[in-house]
Amino acid sequence: MPLPSFYLGLGGDTLTFVGAMILAIDAVGRQKEFQKIQRTAATVSDPLLKKVKFTKDGISLTSHDDVELVFIHRSVKRALCGSVILALGFVCLLLARICEFF
């Protein structure tokens, strides 16, 4: 029967991998995000759509800055999620190492 440190280590490795992947995907997606910002900003600033109110993630889109704010807000949420998962993975790995001593 495997020791508790084995399960903590496996869980820690898994959480660390998942957290790192979330952060990597967020970093790699910057170019696509930039293109989406440009398209969305062009739509929001279109004179034919001046009377239409656009909202995204609860933020009213009236200018290019508002569009960027939405995408920054999304990126911050992904980065925070990835960082928390990564930290939990490191805590599990630390606990696994401590359990090996006992």
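Atoms CE and CG, from Met21 and Leu86 in turn, are 12.5 Å apart once rounded to the nearest 0.5 Å. One finds the CZ atom of Phe90 at 10.0 Å from the CG atom of Asp13 (value rounded to the nearest 0.5 Å). Note that the CZ atom of Arg78 and the CD atom of Glu33 stand 5.5 Å from one another [nearest 0.5 Å]. Phe17 CZ to Ile22 CD1: the interatomic distance, rounded to the nearest 0.5 Å, is 10.5 Å. Atom NE2 of His73 is separated from atom CD of Glu68 by 15.5 Å, given to the nearest 0.5 angstrom. Summarising the geometry, atom CG belonging to Leu80 is positioned 11.5 Å from atom CG belonging to Asp26; distances are rounded to the nearest 0.5 Å.
Using a 4.5 Å heavy-atom threshold, the side chains of Leu8 and Leu93 count as separate.
Taking hydrophobic clusters as Ile, Leu, Val, Met, Phe, Trp and Tyr residues chained together by side-chain heavy-atom distances below 4.5 Å, Val18 shares a cluster with Leu88. There is a path of hydrophobic side-chain contacts, each under 4.5 Å, that joins Leu15 to Val84.
The heavy-atom pair separating Cys92 from Gly12 by the smallest distance is CB-CA, 3.5 Å.
Counting non-hydrogen atoms of neighbouring residues, nucleotides and ligands closer than 6.0 angstrom, the CD atom of Gln31 reaches no more than 12 such neighbours.
In summary, the side chains of Arg97 and Ser5 do not present any donor paired with an acceptor at a separation below 3.5 Å, with no hydrogens or angles considered.
In this structure, Ser75 contributes its side chain and Phe71 its backbone to no donor-acceptor pair below 3.5 Å.
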